[in-house]
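Please read all numbers here as calculations on a predicted model, not as lab measurements.
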Amino acid sequence: MACSETTGWPGLDIVELRQLLLSWYQKHHRDLPWRNQRNPYYIWVSEVMLQQTQVATVIPYFHRWLERFPTIDDLAQAELQPVLKAWEGLGYYARARNLHKAAKLIIKNYNGFFPNSLAEVLSLPGIGRTTAGGILSAAFNQPVSILDGNVKRVLSRLIALSVPPSQALPQLWALSDHILDPDNPRDFNQALMDLGATVCTRANPKCDQCPWQGYCQAYNKGIQSRLPMREESTPIPHKRIGVAVIYNHQEEILIDRRPTDKLLGGLWEFPGGKIEADETVSDCIKREILEELAIEIEVGEHIITVDHAYTHFRVSLFVHACRYLGGEPQPIGCEEIRWVKLDELDQFPFPKANIKIIEALKERHKKT
DNA sequence: GATGCGTGGAA
DNA sequence: TTTCCAAGCAT
């Protein structure tokens, strides 16, 4: 019974849909580095890196990561700092912290072997339903469905979903479950994501190349470019931040490590804080450094202004060179403080906005 | 169940 | 330039 009124998707011949998609995949699949093998560790790393991150961005990180941490045991034995350094620039740093944490758990609870049951995989930090399905289907060919951004878009168009995907998650999960080919779960899930990434794209979908064109309700209604429906978005605030590059008498620079489990947790930064209304940049920097580190400084020349966009706000960092005057630095708003030479900054993991500051410091150092 | 969590590409 | 949103998860 391929087509059933009782499934809630009348007119969907799922046997035909599976066949069409798998045939398309045989010819048009992407050749991706984590697809050449079935090592659960490799696939796990790729799945986590791919969370909210595009394939092209992930590929170089994936290769460097496996060179640096070839096995689960290597990862579990490593300190957190080199783990964050390997993740530097990739964003959502909790992913790296959770990967590290989960590696230790796998050594402890599973004798170093990546678990192969859904409940066990889901229990690992940083692995949710989609990532678990991705790993179990790709590594073990288990029939566990997925619902990532690609699948949401493909399925929303297939059934011409009239609300944003976030308002129909149970229905979309049920559909992903329903159409998953129990005989070829590995290829089917990969094919669904490839279709979304290369054919059923957000803008300008290539419907003339789509194996599901004849079944796609959005295409048949001519509304494929307007689906899926947009999520509601709220305007994001813009913060102005004063940042201090503080030099001591040995020309060392003060950096601090951010609290774990918060924004950019565990990464290093140049200290500073929000510029209040009616406050000058210099006044802000002096105040923040006194509040956060309990030291006196003299605010000097402007080095660079860095604009950076995060998911929920934008910032402008007004960076000034500063001179250390006195007081013993206290880690009041951070985990740790260090004085380091300019050449040593590369050894610490920094967020992207701070990398731009480091580059500016190196340029400045060349000139003087 | 809403919100916090990075960065980069595309339009 | 701005906006959207990518192989989502945790709390």
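Of the listed nucleotides (C:dC4, B:dA11, B:dT7), C:dC4 has the atom at the smallest distance from the side chain of A:Ser233. Of the candidate nucleotides B:dG6, B:dA11, B:dG8, B:dG8 has the atom nearest to the side chain of A:Gln54. Checking B:dC5, B:dG9, B:dT7 against the side-chain heavy atoms of A:Arg202 singles out B:dG9 as nearest.
Using a 4.0 Å heavy-atom criterion, one finds that A:Arg153 contacts the sugar-phosphate atoms exclusively. Among the protein residues, A:Trp34 comes within range of the nucleic acid bases, having at least one heavy atom under 4.0 Å from a base atom. Nucleic acid contact class of A:Gly89 (heavy atoms, under 4.0 Å, all strands): sugar-phosphate only. Using a 4.0 Å heavy-atom criterion, one finds that A:Ile146 contacts no nucleic acid atom at all. As judged by a 4.0 angstrom heavy-atom cut-off over every strand, A:Gly134 is placed among residues making no nucleic acid contact. Among the atoms of the strands shown, none is found under 4.0 Å from any heavy atom of A:Ala56. A:Leu264 comes within 4.0 angstrom of sugar-phosphate atoms only, judged by non-hydrogen atoms across all strands, and of no base. Residue contacts shown for A:Leu122 are absent, as no nucleic acid heavy atom lies under 4.0 Å away.
Between A:Tyr93 and B:dT7, a side-chain N or O to OP1/OP2 separation shorter than 4.0 Å is present. Within the structure, every side-chain polar atom (N or O) of A:His312 is placed at least 4.0 Å from both OP1 and OP2 of B:dT3. For A:Thr53 and B:dG8, the shortest distance from a side-chain N or O to OP1 or OP2 is not below 4.0 Å. Side-chain N/O atoms of A:Gln52 include one lying less than 4.0 angstrom from OP1 or OP2 on C:dG8. OP1 or OP2 of C:dC5 has at least one side-chain nitrogen or oxygen of A:Arg230 nearer than 4.0 Å. Between A:Lys262 and B:dC5 there is no side-chain N or O to OP1 or OP2 distance below 4.0 Å.
C:dT11 sits 14 Å from B:dG6 when the P atoms are compared, rounded to a whole Å.
The nearest whole Å value for the distance from the CG atom in A:Asn150 to the P atom in C:dC5 is 13 Å. Distance CG (A:Leu90) to C1' (B:dG9): 14 Å, rounded to an integer number of Å. The interatomic distance linking A:Gln167 (CD) with B:dA2 (C1') rounds to 13 Å, in whole Å. C:dC4 atom P lies 12 Å from atom CD of A:Glu232, rounded to whole Å. The CD atom of A:Glu88 sits 13 Å away from the C1' atom of B:dG6 (whole-angstrom rounding). As rounded to whole Å, 10 Å separates atom C1' of C:dA10 from atom CG of A:Asp261. A straight line from CZ of A:Phe313 to P of C:dT3 spans 16 Å, rounded to a whole angstrom. B:dG6 atom P lies 12 Å from atom CD of A:Glu269, rounded to whole Å.
Taking the six-membered ring where the residue is Trp, the centroids of A:Phe62 and A:Trp34 are separated by under 6.0 Å.
Judged by atom type and distance alone, A:Thr311 does not reach the base of B:dG4 through any side-chain donor-acceptor pair under 3.5 Å.
Between the side chains of A:Thr198 and A:His28, not a single donor N or O lies within less than 3.5 Å of an accepting N or O. No side-chain donor-acceptor contact under 3.5 Å links A:Glu120 and A:Ser123.
Using a 30° and 60° split on the angle between ring planes, A:His308 and A:Tyr310 fall in the perpendicular class, above 60°. Aromatic ring pairs are classed by plane angle as parallel below 30°, tilted from 30° to 60° and perpendicular above 60°; the pair A:Phe188 and A:Trp212 is tilted. Taking the six-membered ring where tryptophan is involved, the planes of A:Phe350 and A:Phe270 are essentially parallel, since the angle between them stays under 30° and well short of 60°.
Between A:Glu301 and A:Arg364 there is a salt bridge, since at least one side-chain N of the basic residue sits less than 4.0 Å from a carboxylate O of the acidic one.
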